[in-house]
Amino acid sequence: MTPEKLQSIAFKWFETFNNKELEKLLSLYDDDAEHFSPKLKIHQPETNGLVKGKQALREWWQDAFNRLPSLNYKVKSLTANGDRVFMEYIRTAEGEDEMLVAEVLDIREDKIVASRVYNG
């Protein structure tokens with residue numbers, strides 16, 4: 001996959017996430033996609049930070065959108081190569097400090113198959 005194609009998927013990811021278009025966001029993912037996030041570990045400790053499949057992603061993001069209606073991600077940088085996009089962004093939400101976040105999307109056949117979030 002070309003770096004441009006990978007980046008276009010990443011930009012679509014940011015657009016749908018920031019617009020809270022949950023079904024469009026989920027359409028970017030493979031049915032069996034996995035997502036790891038330290039925030040998951042905090043809010044849903046039973047997951048140990050990892051959810052699998054679109055239904056689990058739907059529940060996680062719907063919960064986040066409900067809890068944090070002002071949640072927004074501002075792109076700082078994108079690096080795409082092979083089958084992976086490295087994203088760096090600023091996470092903002094009303095009442096919370098800004099947070100610098102790094103996230104990696106693994107993409108195969110135009111679908112995100114895994115995502116991993118790293119933050120301090």
Side-chain angles (χ1 to χ4, degrees):
M1 193 173 305
T2 67
E4 294 80 16
K5 178 64 176 170
L6 292 167
Q7 285 185 336
S8 74
I9 292 169
F11 281 121
K12 188 70 170 169
W13 185 91
F14 280 106
E15 178 186 337
T16 58
F17 190 95
N18 285 333
N19 289 329
K20 315 293 186 281
E21 296 175 304
L22 186 55
E23 293 307 314
K24 286 183 182 180
L25 177 63
L26 288 166
S27 75
L28 300 173
Y29 282 80
D30 183 80
D31 289 341
D32 299 318
E34 296 184 355
H35 177 70
F36 174 82
S37 170
K39 292 278 186 191
L40 258 167
K41 212 172 197 179
I42 293 167
H43 292 284
Q44 297 179 8
E46 69 282 2
T47 67
N48 204 28
L50 180 68
V51 292
K52 298 178 182 183
K54 282 189 179 182
Q55 185 57 36
L57 286 167
R58 179 181 287 108
E59 291 168 9
W60 168 239
W61 283 322
Q62 188 62 66
D63 177 63
F65 295 157
N66 290 343
R67 281 185 294 107
L68 302 165
S70 65
L71 182 62
N72 189 273
Y73 296 158
K74 181 180 177 190
V75 180
K76 294 278 289 178
S77 69
L78 291 177
T79 304
N81 58 37
D83 61 356
R84 187 167 287 147
V85 180
F86 298 88
M87 310 186 307
E88 187 177 47
Y89 54 90
I90 302 292
R91 177 191 182 276
T92 61
E94 191 174 309
E96 296 188 7
D97 292 335
E98 285 187 357
M99 180 186 298
L100 181 61
V101 178
E103 185 162 351
V104 179
L105 303 178
D106 292 323
I107 302 172
R108 290 190 194 85
E109 299 178 11
D110 295 339
K111 295 289 184 182
I112 301 166
V113 295
S115 51
R116 295 174 304 284
V117 176
Y118 304 93
N119 54 40

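In this chain, residues are counted from 1 in sequence order.
- Side chains of Ile90 and Lys76 form a contact here, defined as non-hydrogen atoms less than 4.5 Å apart.
- With rounding to the nearest 0.5 Å, the separation of CG in Leu6 from OG1 in Thr79 is 11.5 Å.
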**Message:** side-chain contact (heavy atoms from CB on, under 4.5 Å), that's the test. Do Val113 and Glu34 meet it? Break it down for me.
**Reply:** CA-CA 6 Å; Val113 295; Glu34 296 184 355; over 6 Å; no
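- Every residue two or more places apart in sequence or in another chain that forms a side chain to side chain donor-acceptor pair (under 3.5 Å) with Asn66 is listed here: Gln62.
- Side-chain contact between Leu26 and Leu22: present, with at least one pair of heavy atoms (C-beta onward) separated by less than 4.5 Å.
- Remark: Asp83 engages Arg108 in a side-chain contact (heavy atoms from CB on, under 4.5 Å) (not counting sequence neighbours).
- Side chains of Arg84 and Leu105 form no contact here, defined as non-hydrogen atoms less than 4.5 Å apart.
- Counting only residues at least two apart or in different chains, salt bridge (Lys or Arg N to Asp or Glu O under 4.0 Å) contacts with residues 94-105 comprise Arg91-Glu96.
- Taking CE of Met1 as the start and CG of Asn81 as the end, the distance is 12.5 Å to the nearest 0.5 Å.
- Applying the side chain to side chain donor-acceptor pair (under 3.5 Å) criterion to Gln7, with sequence neighbours excluded, gives no partner residue.
- Glu23 pairs by the side chain to side chain donor-acceptor pair (under 3.5 Å) definition with Arg58, not counting sequence neighbours.
- No side-chain heavy atom of Thr92 sits less than 4.5 Å from a side-chain heavy atom of Ser70.
- Taking the six-membered ring for Trp, Phe17 and Trp13 have ring centres closer than 6.0 Å.
- One distance of note links OG of Ser37 with CD of Gln44; it measures 10.0 Å at 0.5 Å rounding.
- Atom CD1 of Ile9 and atom CD1 of Ile112 lie 7.0 Å apart (nearest 0.5 Å).
- Residue pairs meeting the salt bridge (Lys or Arg N to Asp or Glu O under 4.0 Å) criterion with at least one partner in residues 62-75, sequence neighbours excluded, are Asp63-Arg67.
- Remark: Glu21 engages Thr16, Asn19, Lys24 in a side-chain contact (heavy atoms from CB on, under 4.5 Å) (not counting sequence neighbours).
- By the side-chain contact (heavy atoms from CB on, under 4.5 Å) test, Ser77 pairs with Glu88, sequence neighbours left out.
- The side-chain heavy atoms of Asp106 and Ser115, taken from C-beta on, include no pair separated by under 4.5 Å.
- Counting side-chain heavy-atom gaps under 4.5 Å among Ile, Leu, Val, Met, Phe, Trp and Tyr, the cluster of Leu50 also holds Phe36.
- Residues meeting the side-chain contact (heavy atoms from CB on, under 4.5 Å) test with Asp32, sequence neighbours left out: Asp30.
- The closest side-chain heavy-atom distance from Asp110 to Lys5 is below 4.5 Å.
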**Request:** Dump the intermediate steps for side-chain contact (heavy atoms from CB on, under 4.5 Å) on Met99 and Lys39, then the final yes or no.
**Result:** CA-CA 12 Å; Met99 180 186 298; Lys39 292 278 186 191; 3.7 Å; yes
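- Every residue was checked against the side chain to side chain donor-acceptor pair (under 3.5 Å) condition with Trp60, not counting sequence neighbours, and none meets it.
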**Request:** Evaluate the criterion side-chain contact (heavy atoms from CB on, under 4.5 Å) for residue pair Met87 and Val75; output intermediate values, then yes/no.
**Result:** CA-CA 7 Å; Met87 310 186 307; Val75 180; over 6 Å; no
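- Pairs engaging residues 83-103 under the ring pair (Phe, Tyr, Trp, His ring centres under 6.0 Å) rule: Phe14-Tyr89, Tyr73-Tyr89 [sequence neighbours left out].
- Between Pro38 and Val117, the shortest heavy-atom contact is CD-O, 3.3 Å.
- Side-chain contact between Ile107 and Val85: present, with at least one pair of heavy atoms (C-beta onward) separated by less than 4.5 Å.
- Using a 4.5 Å cut-off on side-chain heavy atoms (C-beta onward), Asp31 and Lys111 make no contact.
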